[in-house]
There are 2 protein chains.
Amino acid sequence: MVERLSRGPASVKELAAPLAMSLAAVVQHVQVLEQSGVIRTEKVGRVRSCRLDPAGLNVAERWIVERRALWERRLDRLGDLLAEPEPSSEQRAPDRNTTEEQS
Amino acid sequence: MVERLSRGPASVKELAAPLAMSLAAVVQHVQVLEQSGVIRTEKVGRVRSCRLDPAGLNVAERWIVERRALWERRLDRLGDLLAEPEPSSEQRAPDRNTTEEQS
DNA sequence: GCCTTGGTCAAGCATGGACTTGAGTATTGG
DNA sequence: CCAATACTCAAGTCCATGCTTGACCAAGGC
């Protein structure tokens with residue numbers, strides 16, 4: 001959908017056309033895209049036309065960059081720990097309870 | 001869990017301890033981690049001990065790097081298209097049907 | 001006027017993932 | 001020998017997502 005919109009604005013119908021989905025489903029997608037600021041829409045008569053919002057895409061880009069940085073940090077940390085020689089003697093820290101994800 | 005394992009091998013019990021989850025749930029996590037090659041486990045008596053598999057982590061890292069590259073490519077492409085002046089005259093390509101994701 | 005078109009809304013269904021429960025098994029300390 | 005421990009396994013629950021359906025409504029077009 002975003003790809004299609006990057007080639008110029010389109011109505012909901014047009015967005016739905018190539019997509020093996022009901023119109024309603026597409027509308028839902030459009031709604032979340034609008035709420036998250038990636039696109040803007042405007043209703044003219046009975047037609048709602050959608051276009052990308054460049055500013056919003058910048059936000060999206062920033063989001064992804066952050067995400068990426070986070071993963072990089074994790075991997076680096078992990079890499080460091082793996083590079084270290086394994087601690088042969090048991091010296092287990094007593095479970096700090098910081099924000100921590102599972103798996 | 002991976003974080004914990006990066007500080008040295010541990011039994012399933014130990015992994016479960018700080019995790020507000022049943023043992024069985026942890027075992028499930030351990031299974032997928034093992035299947036995807038991130039950890040290796042060995043059963044000694046009634047205890048299954050788990051350790052990270054450095055090689056497996058390399059695989060995981062490669063996976064993430066690929067993923068990242070993919071997103072970068074997408075964003076770049078999108079950025080390019082946005083940078084272009086909007087095509088004012090209607091010159092809509094007739095919907096090529098290549099592999100394409102929704103939204 | 002009235003049927004068609006493009007969209008809207010609410011409800012509901014299907015699926016998948018993460019977790020729990022409960023029953024069972026093998027090891028092990030006493 | 002017995003009970004506790006450390007799992008294992010199958011089944012079932014819960015919940016979020018993504019989509020469909022059907023009723024509805026406001027433009028158009030003829």
Side-chain angles (χ1 to χ4, degrees), chain A residues 1-5 7-53 56 60 63-64 67 70-71 74 90 92 94-95 97 99-103, chain B residues 1-5 7-53 56 60 63-64 67 70-71 74 90 92 94-95 97 99-103:
Chain A
M1 282 176 60
V2 174
E3 189 115 3
R4 168 62 189 81
L5 286 175
R7 301 206 298 281
S11 71
V12 176
K13 188 81 192 302
E14 286 168 334
L15 289 177
L19 284 188
M21 276 200 260
S22 69
L23 232 187
V26 173
V27 172
Q28 285 172 28
H29 278 263
V30 164
Q31 280 171 352
V32 330
L33 287 175
E34 186 169 19
Q35 279 164 25
S36 52
V38 177
I39 69 177
R40 278 186 297 156
T41 77
E42 190 194 4
K43 191 147 189 186
V44 176
R46 60 184 168 177
V47 144
R48 173 171 303 276
S49 82
C50 315
R51 54 175 65 236
L52 286 184
D53 180 352
W63 183 85
I64 292 176
R67 209 68 23 175
L70 199 150
W71 278 100
R74 271 185 213 168
E90 295 277 322
R92 201 152 281 156
D95 282 322
N97 238 4
T99 4
E100 186 171 11
E101 49 278 304
Q102 302 163 354
S103 279
Chain B
M1 281 175 61
V2 174
E3 189 115 3
R4 167 64 189 80
L5 286 176
R7 301 204 298 280
S11 70
V12 176
K13 188 81 193 303
E14 286 168 335
L15 289 178
L19 285 190
M21 277 198 260
S22 69
L23 230 189
V26 173
V27 172
Q28 285 173 28
H29 278 263
V30 165
Q31 280 171 351
V32 330
L33 287 175
E34 187 169 20
Q35 278 163 26
S36 52
V38 177
I39 69 176
R40 278 186 297 156
T41 78
E42 189 194 4
K43 191 146 191 185
V44 177
R46 59 184 168 177
V47 147
R48 174 172 302 278
S49 81
C50 315
R51 54 175 65 237
L52 286 184
D53 179 353
W63 181 86
I64 293 176
R67 208 69 20 176
L70 199 150
W71 277 100
R74 271 187 213 165
E90 295 277 320
R92 200 153 279 157
D95 281 319
N97 238 3
T99 8
E100 186 170 13
E101 49 280 305
Q102 300 163 355
S103 281

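Side chains included, hydrogens not; waters and symmetry mates left out as well; all remaining heavy atoms used. Note on naming: letters A, B, ... go to the chains in the order of the sequence lines (proteins, then strands), and numbering restarts at 1 for each one.
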Original post:
Do B:V26 and B:M1 touch side chain to side chain, with heavy atoms closer than 4.5 Å?
Top reply: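 A side-chain contact under 4.5 Å exists here.
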
**OP:** Would you mind reporting whether B:D53 and B:V38 have side-chain heavy atoms less than 4.5 Å apart?
**Re:** no

Between [N] ([atom2]) and [X] ([atom1]): distance, integer Å:
X     : N      : atom1 : atom2 : result
B:Q35 : C:dG17 : CD    : P     : 13 Å
B:R48 : C:dA26 : CZ    : C1'   : 13 Å
B:M21 : D:dA6  : CE    : P     : 18 Å
A:L23 : D:dT21 : CG    : C1'   : 13 Å
A:Q28 : C:dC9  : CD    : C1'   : 10 Å
B:R46 : D:dA4  : CZ    : C1'   : 7 Å

Which nucleotide, [options], lies nearest any side-chain atom of [X]?
X     : options               : result
A:V27 : D:dT20, D:dA6, C:dT8  : C:dT8
B:S11 : C:dT20, D:dC19, D:dC7 : D:dC7
B:K13 : C:dC19, C:dT8, D:dA6  : D:dA6

**OP:** For B:Q31 and for A:S22, find the nucleotide of DNA chain D with the closest heavy atom, then tell me which residue's nucleotide is more 5'.
**Re:** B:Q31

Original post:
When the nearest nucleotide of DNA chain D is assigned to A:G45 and to A:A24 on a heavy-atom basis, which residue is associated with the more 5' position?
Top reply: A:A24

**OP:** State, to 0.1 Å, how close B:A25 and B:M21 come at their nearest heavy-atom pair, and which atoms those are.
**Re:**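 The pair with the smallest heavy-atom distance is CB-SD, 3.6 Å.
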
**OP:** Please name the pair of heavy atoms, one in B:C50 and one in B:L15, separated by the smallest distance, quoted to 0.1 Å.
**Re:**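 Heavy atoms only, the tightest pair is SG-CD1, 4.1 Å.
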
**OP:** May I ask you to verify if any side-chain N or O of A:K43 is less than 4.0 angstrom from the OP1 or OP2 atom of D:dA27?
**Re:** no

